[in-house]
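Presented below is the structure to which this report refers.
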Amino acid sequence: MSEAAVEEVSVLSSIYCGEGEFELLQQSAHDGLMVQINSTVGGERQLEVSLLFHLHPRYPSCPPDISVSSIHLSRTQCHNIRQKLLDQAAALPPEPMVHQLVEWLQCVEVTEESRGGEEEVKETDDQETWNAVLLLDHIRSRNRYIGLLERWSQQLQLTGRVLLGRSILVILQGARANIKEFCRLLKTVRVDVDSSGKKCKERMMKVLIETPAPSSSGQGLQGFVVRNYQSLPELTAAFKEINLTELYQQILPSISD
């Protein structure tokens, strides 16, 4: 990675020094740097957004990859903001630009979307509550791994459970688009270490099931809880406790091989 990128990240950590404003998620000679900055958009409206910048090893010779998420904006609005940021980055000279992009975004006005017909139905579907169960391959660096999972769930307004035992399961509940973003982060951020102790991504994660939450499922999950289980009956009881027995029956063949 370039010296300019490392120096820029150091400067960014000093500029965005408020609680929860800045976090360095990844630093690798092979994959570059990944930083998260929580800022605002919308000029006077001051809507909070979470910005994920992936600075490739060749950065700033090439623009960063950018992801945008926000509980205050729709998925379409986040997509539009991301595209504006990418266009702005492409127009800038090849030099450190993250701070400039964040400052530029703070002045961008967010337009209200006019929806109708199929687009309105699609947006409504995105806001429905969905359930998903993910199967993880391993967790070696437990504190770091689970800490990231919990942080992402909070940022994406998801509730869930991590069940640690013979199979490592993550149960998520929330908007489908946010569940998909959670899965994308899980596969693109170095969340764990491999057998040699090097930081690694969760390449072996599988989505066992993703389905709308039935309206009769009760109150739903609360918070983000980590639990250990020792046996299949204990795992069965864990799903029963959160009113997801039917979901458990559907994934059971995938975890009992």
Side-chain angles (χ1 to χ4, degrees), residues 50 69-72 74-75 78 118 120-189 191-193 200-257:
S50 181
S69 60
S70 173
I71 62 172
H72 303 289
S74 70
R75 186 171 65 168
C78 287
E118 294 181 2
E120 183 177 358
V121 173
K122 184 174 184 290
E123 182 67 22
T124 301
D125 179 69
D126 286 340
Q127 297 306 315
E128 287 179 351
T129 299
W130 281 62
N131 289 324
V133 182
L134 318 181
L135 175 65
L136 305 185
D137 185 60
H138 62 265
I139 291 182
R140 293 191 176 95
S141 181
R142 174 168 172 163
N143 289 342
R144 170 180 169 77
Y145 202 137
I146 293 179
L148 282 173
L149 298 184
E150 184 171 9
R151 187 176 302 116
W152 294 339
S153 71
Q154 291 172 350
Q155 292 169 348
L156 295 168
Q157 298 291 291
L158 299 172
T159 55
R161 296 287 186 276
V162 178
L163 302 177
L164 303 172
R166 181 174 173 232
S167 297
I168 305 172
L169 302 174
V170 179
I171 307 169
L172 297 173
Q173 194 170 82
R176 189 181 189 188
N178 292 348
I179 290 175
K180 289 186 178 296
E181 177 64 11
F182 186 101
C183 294
R184 189 194 68 78
L185 288 170
L186 195 52
K187 286 197 169 186
T188 55
V189 176
V191 292
D192 203 7
V193 295
C200 64
K201 301 173 185 176
E202 181 52 89
R203 300 185 186 276
M204 302 297 289
M205 183 272 289
K206 295 180 181 177
V207 179
L208 299 181
I209 192 169
E210 186 182 19
T211 182
S215 56
S216 59
S217 59
Q219 186 178 7
L221 299 180
Q222 300 293 316
F224 192 84
V225 178
V226 180
R227 290 185 56 177
N228 295 291
Y229 70 92
Q230 303 296 327
S231 64
L232 202 58
E234 286 187 23
L235 181 60
T236 305
F239 274 84
K240 183 177 181 180
E241 180 184 320
I242 54 179
N243 300 312
L244 293 178
T245 300
E246 184 176 342
L247 201 69
Y248 173 67
Q249 295 298 329
Q250 295 179 62
I251 68 166
L252 188 56
S254 302
I255 61 176
S256 58
D257 296 337

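Both backbone and side-chain heavy atoms feed into the values below; hydrogens, waters and symmetry mates do not.
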Seminar exercise, completed: Only residue of Thr159, Ile171, Leu247 satisfying side-chain contact (heavy atoms from CB on, under 4.5 Å) with Ile242 is Ile171
Problem set entry | Partner of Arg161 under side-chain contact (heavy atoms from CB on, under 4.5 Å), chosen from Val225, Val170, Val133 |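 By the side-chain contact (heavy atoms from CB on, under 4.5 Å) criterion, Arg161 pairs with just one of Val225, Val170, Val133: Val225.
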Less than 4.5 Å apart, side chain to side chain, heavy atoms only: is that true for [X] and [Y]?
X: Leu149; Y: Val191; result: no
X: Asn178; Y: Trp130; result: no
X: Leu235; Y: Arg166; result: no
X: Leu252; Y: Leu232; result: yes

When rounded to the nearest 0.5 angstrom, what distance separates [atom1] in [X] from [atom2] in [Y]?
X: Phe182; Y: Gln155; atom1: CZ; atom2: CD; value: 10.5 Å
X: Glu181; Y: Ser69; atom1: CD; atom2: OG; value: 6.0 Å
X: Lys206; Y: Leu135; atom1: NZ; atom2: CG; value: 6.5 Å
X: Leu164; Y: Gln230; atom1: CG; atom2: CD; value: 10.5 Å
X: Leu244; Y: Gln250; atom1: CG; atom2: CD; value: 10.5 Å
X: Leu172; Y: Leu221; atom1: CG; atom2: CG; value: 9.0 Å

For this session: Check Ser153 against Phe224 and note the closest heavy-atom contact, atom names and distance.
Result: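 Nearest heavy atoms, Ser153 then Phe224: OG-CD1, 3.4 Å.
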For this session: Would you name the heavy atoms of Gly174 and Leu158 that are closest together and state the gap between them?
Result: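 Smallest heavy-atom distance, with atoms named: CA-CD2, 3.7 Å.
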Has the side chain of [X] got a donor or acceptor atom that lies under 3.5 Å from a matching backbone atom of [Y]?
X: Tyr248; Y: Ala237; answer: no
X: Asp192; Y: Tyr145; answer: no
X: Ser167; Y: Leu169; answer: no

Problem set entry | Within 6.0 Å of CG in Asn228, more than 12 heavy atoms from elsewhere |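 For Asn228, atom CG is crowded (more than 12 foreign heavy atoms under 6.0 Å).
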For this session: Output every pair passing salt bridge (Lys or Arg N to Asp or Glu O under 4.0 Å) with a member in residues 225-241, not counting sequence neighbours, ordered by first then second residue.
Result: Arg227-Glu241
Problem set entry | Lys180/Glu210 under salt bridge (charged side-chain N to carboxylate O under 4.0 Å, His left out): CA gap, chis, key distance, verdict | CA-CA 10 Å; Lys180 289 186 178 296; Glu210 186 182 19; 3.6 Å; yes
